[in-house]
Amino acid sequence: DVKVTQSSRYLVKRTGEKVFLECVQDMDHENMFWYRQDPGLGLRLIYFSYDVKMKEKGDIPEGYSVSREKKERFSLILESASTNQTSMYLCASSSTRLVFYNEQFFGPGTRLTVL
Amino acid sequence: AQTVTQSQPEMSVQEAETVTLSCTYDTSESDYYLFWYKQPPSRQMILVIRQEAYKQQNATENRFSVNFQKAAKSFSLKISDSQLGDAAMYFCAYATGANSKLTFGKGITLSVRP
């Protein structure tokens, strides 16, 4: 089974802090994604990566950056955390092999609170 | 741009009954995939069912089935014999054949009454 893990389930940070959210997948997936989930807004794509050292902006990249130095790991960075970045952050991965029909596998999520 | 609309924010069903969750989408693509994801209160999102647009036959996975109306751009999820464990948030999602980016609807919270 595919396993996607995220470094923390709950995180509390102060305004202005630099925050790192880590995601690791164990199925050699090429694609990795970061979403934020807010009530009434569904899931919104922040950044995604199709390969090591490659990244592309999603729908809401402002205030975030990412890093993918190894295939299995995709990090989301909040350069200077703000209260409006309080949210649930979900990481996902998927394979480029068409037999998987673009299915994404999700991590358990990180509930980030910025005070 | 592709959009996915789930117009009902909440629904409730009696245990053992059948419920249908609605989803519509908008796209100009001919090759695409549709998904229903389930997010239980523990928050781990899992795939419930998927449908390839080129297939006319509706997908079925045990108690879960879809009604895929391509011309109407409608993709509803039917849950038969509802169980307490079906209580969750359900998201409809769309992906084109060109890449694996998913566009999600806003989700619907399903509660199951014992």
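Keep in mind the model is a prediction, meaning the values are calculated, not measured. Every heavy atom of this structure was used, including side-chain atoms; hydrogens, water molecules and symmetry mates were not. Below, chain A is the first sequence line, B the second, and so on; all start at residue 1.
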- Message: Tell me which of these, A:S94, A:G58, A:G107, has more heavy-atom pairs under 4.5 Å with chain B than the rest.
- Response: A:G107

- Leading residue by heavy atom contact count with chain A [cutoff under 4.5 Å; candidates B:I46, B:V4, B:T109, B:L47]: B:L47

- Query: How many angstroms lie between CE in A:M88 and OH in A:Y10, if you round to the nearest 0.5 Å?
  - Reply: 6.5 Å

- Message: Please report the interatomic distance CZ(B:F68) to CD(B:Q56), rounded to the nearest 0.5 Å.
- Response: 9.5 Å

- Message: How long is the straight-line distance from OG of B:S76 back to CG of B:L34, given to the nearest 0.5 Å?
- Response: 11.0 Å

- Below 4.5 Å from any heavy atom of chain B, which atoms of A:R44 appear? Answer side chain, backbone, both or neither. neither

- Part of B:Q39 within contact of chain A (heavy atom distance under 4.5 Å): side chain

- Leading residue by heavy atom contact count with chain B [cutoff under 4.5 Å; candidates A:A92, A:P108, A:G109, A:P39]: A:P108

- Note on the structure: Interatomic distance, CD@B:Q83 vs CG@B:D81, rounded to 0.5 Å, equals 5.5 Å

- Item | Toward chain B, the part of A:L45 with a non-hydrogen atom under 4.5 Å | side chain

- Message: Checking A:Y64 against A:Y47 for the ring pair (Phe, Tyr, Trp, His ring centres under 6.0 Å) test, could you report, in this order, the C-alpha distance in whole Å, the side-chain angles of both residues, the deciding distance, and whether it holds?
- Response: CA-CA 8 Å; A:Y64 304 94; A:Y47 267 97; 7.9 Å; no

